[in-house]
2 protein chains.
Amino acid sequence: MASIKDVAAEAGLSVATVSRVLNGHPSVSEDARRRVTDAVERLGYRPNAVARSLRTDQTRTLGLVISDVMNPYFTELARSVEEEARALGYSVIIGNADERPDLQDHHVTTLLDRRIDGLLVSPTDGGSPGMLGAARAGTPMVFVDRWIPGVDVPVVRSDGTAAVRDLVAHLYGLGHRRLAIIAGPAATTTGRERVDAFRAALAAYGLELPDAYIGQGDFQAGSGRRVTEGFLDLAEPPEVVFAADNLMALGSLDAVRARGLRVPDDIGLAAFDDIPWFVHTDPPVTAIAQPVRDLGRAAVRALVDRIEGRPGESVTLPARLVVRRSCGEPETERPPSPSPVRRSTP
Amino acid sequence: MASIKDVAAEAGLSVATVSRVLNGHPSVSEDARRRVTDAVERLGYRPNAVARSLRTDQTRTLGLVISDVMNPYFTELARSVEEEARALGYSVIIGNADERPDLQDHHVTTLLDRRIDGLLVSPTDGGSPGMLGAARAGTPMVFVDRWIPGVDVPVVRSDGTAAVRDLVAHLYGLGHRRLAIIAGPAATTTGRERVDAFRAALAAYGLELPDAYIGQGDFQAGSGRRVTEGFLDLAEPPEVVFAADNLMALGSLDAVRARGLRVPDDIGLAAFDDIPWFVHTDPPVTAIAQPVRDLGRAAVRALVDRIEGRPGESVTLPARLVVRRSCGEPETERPPSPSPVRRSTP
DNA sequence: ATCCTCCGTGTAATCGATTCCACAAGGAGG
DNA sequence: CCTCCTTGTGGAATCGATTACACGGAGGAT
């Protein structure tokens with residue numbers, strides 16, 4: 001592969017001049033500029049990003065470590081992050097932690113070894129050593145979705161308390177009183193917050209959240225199934241189950257169906273995180289939707305701000321309730337809406 | 001951040017010796033080895049992968065350019081690719097082409113600029129200039145899922161002809177005769193092959209595939225909707241629509257529902273690519289499942305073989321039909337099966 | 001005409017690793 | 001006791017870029 005030296009030779013100039021042309025440095029004669037671009041063209045030369053990074057100490061690359069790629073919520077997040085990063089002239093390398101702290105650490109160290117300019121993390125746990133180290137070492141960093149209290153890093157997330165309140169109001173209005181939740185891991189902020197928000201909302205209606213109605217999940221489908229089975233085995237099963245993420249809701253649906261029961265007639269179901277597929281499930285699932293695209297965009301902007309020396313602030317965006325049929329009859333009969341999967345095509 | 005020089009100073013040795021210890025070179029005294037590891041420990045030193053790559057001319061990184069991350073099929077492919085690559089000591093950088101040749105080219109050049117060791121591509125089109133250039137330039141390369149005829153690169157893919165035959169047999173057995181297809185872009189191999197396989201299978205039953213029953217889609221939900229609307233407007237609409245990927249099937253479902261019609265009573269639906277959500281849609285969708293994990297694994301192995309100087313061969317794995325309820329009554333009434341989303345949890 | 005600027009260019013140092021080659025010390029063999 | 005090998009180590013070149021500094025020449029001011 002041709003190097004800058006080859007270009008210099010081909011153009012009959014020094015590597016310094018070639019480099020200047022390549023980087024749009026002002027003090028280069030028109031003649032030299034032309035000769036260099038011609039030589040580049042002839043040789044099909046492309047600058048070696050590795051060498052450039054070594055010299056300039058910046059890779060123009062962002063690392064994104066997410067908890068689970070197979071979760072549509074995170075897939076969409078990753079997509080919007082990449083989009084915004086590209087617009088800002090950065091590439092992104094995605095690491096999938098699969099909800100495992102050890103894998104998360106692996107990716108963090110790998111990314112740091114490659115000297116990425118900044119790190120976007122949605123931590124799987126309360127803080128693995130590798131991650132804490134990275135934060136302390138001064139690598140520009142931003143948390144998305146989940147975060148770790150006590151670590152001084154901007155957080156870009158969505159606040160679901162109002163939406164959860166709306167959800168409880170909706171359920172209460174439908175006559176439901178025994179409401180249960182499938183919680184996420186207590187080590188994650190989203191795991192804890194959603195339970196807290198739910199409990200608080202229930203309290204506003206004079207409802208309790210007994211321990212038996214709090215199932216411990218891990219944000220994966222399997223746990224949703226297991227917890228739901230436990231609920232159904234109760235002497236007095238809940239009337240509605242609220243899953244703290246979409247995968248656990250899926251598992252819950254499975255469990256209900258495996259018993260030959262039906263949603264929402266026998267038991268209602270609601271989920272945190274709305275995804276395109278919830279429109280098409282049987283029945284369509286009532287969910288709390290986060291503004292994922294905006295979250296990704298804001299996270300990248302905050303991180304790039306940090307990288308480029310600007311402050312880089314935390315952002316909290318509200319989530320909102322999307323009522324469908326999985327908890328009982330909706331208020332109004334609307335025509336089916338088109339799938340949100342659709343792109344910009346008219 | 002500490003460099004190898006700092007380690008050398010701390011250990012009271014030369015950088016050469018430090019490097020040898022780091023790389024497990026045999027001719028290093030036990031004493032030196034200990035002093036170096038101690039120094040590394042004290043300094044929290046991590047080798048700079050950028051510098052290393054520049055010197056050794058290898059990044060131990062694979063590039064993966066896929067057509068659409070939001071498509072669960074590709075998400076799963078990406079996941080299995082990363083998994084296998086990690087097992088083999090490689091990282092992977094994912095580029096999302098979003099079915100756009102220009103974006104695909106952008107990612108290919110970016111990846112090449114970073115001097116990745118090899119490229120895994122599922123081409124969006126018949127071959128964008130950047131990709132063809134990469135193939136010609138001798139970068140180790142392997143096609144996954146889709147490929148480009150005439151380019152001498154191993155292909156790892158799945159063969160759906162048998163499964164499509166099974167599908168048509170299933171539909172024929174259910175009494176359906178007017179069968180339509182929503183095709184993928186003609187520029188992609190999968191776009192063409194699936195139509196061809198479908199036509200051939202129909203022929204085996206003395207059935208035709210009239211032009212009016214071939215809708216041109218682009219593997220995105222929007223086109224599935226549009227094409228299906230066209231089918232429904234026909235004087236004699238098809239009895240079953242076969243979507244060449246899962247996203248278009250989703251769009252098709254939307255369109256049917258938007259008319260107030262029902263699947264499978266008013267019109268049947270089948271899809272290429274099985275995904276976890278098809279179990280939970282209303283109704284569950286009959287689909288052709290590819291062995292995605294195996295595909296990802298095989299692709300990485302072929303690529304790494306190429307990179308490390310071994311031949312690196314093409315692989316074709318069979319797809320299989322998964323019958324559900326979207327085309328009419330299934331043969332047997334089975335208890336609902338658990339969701340395939342489940343991980344290794346028992 | 002002289003001096004000072006400014007412009008365009010080239011030389012060489014540098015980033016952080018790897019690795020070839022030289023070399024010193026020590027042991028074996030003659 | 002001398003030579004030869006082996007072993008462990010260090011010096012320095014190298015990968016491909018960027019950039020500080022030096023320098024020659026053109027042009028303007030005096």
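Within every chain, numbering begins at 1; the chains are lettered A, B, ... in the order of the sequence lines, protein sequences first and strands thereafter. Hydrogens, waters and symmetry mates play no part in the numbers below; they use all other heavy atoms, side chains included.
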* To do: Indicate whether OP1 or OP2 belonging to dA17(C) is found under 4.0 Å from a side-chain N or O atom of Ser19(B).
  => no
* Any N or O donor-acceptor pair linking the side chain of Arg52(A) to the base of dT18(D) at under 3.5 Å? -> no
* Would you mind telling me which residue lines up with the more 5' stretch of DNA chain D, Ser27(B) or Met1(A), judged by nearest nucleotide? => Ser27(B)
* Rounded to the nearest angstrom, tell me the gap between atom CG in Leu22(A) and atom P in dA17(D). => 8 Å
* Between atom CG in Leu54(A) and atom P in dT18(C), what is the gap in whole Å? -> 12 Å
* Taking only side-chain nitrogens and oxygens of Ser29(A), does any of them come within less than 4.0 Å of OP1 or OP2 of dG8(C)? -> no
* To do: Identify whether any heavy atom of Ala32(A) sits under 4.0 Å from a base atom; if not, whether one sits that close to sugar-phosphate; answer base, sugar-phosphate or nothing.
  => sugar-phosphate
* Asked: Arg114(B) has an atom CZ; how far is it from atom P of dA17(D), in whole Å?
  -> 15 Å
* **Nearest-nucleotide pick for Arg55(B), side chain only, options being dG10(D), dT14(D), dT19(D)** => dT14(D)
* Asked: For dC15(C), does OP1 or OP2 lie under 4.0 Å from any side-chain N or O of Asn48(B)?
  -> no
* Spell out yes or no: do the side chain of Arg20(B) and the base of dG10(D) have one donor N/O and one acceptor N/O closer than 3.5 Å? => yes
* Quick one: do Arg100(A) and Asp125(A) make a salt bridge, cutoff under 4.0 Å? -> no
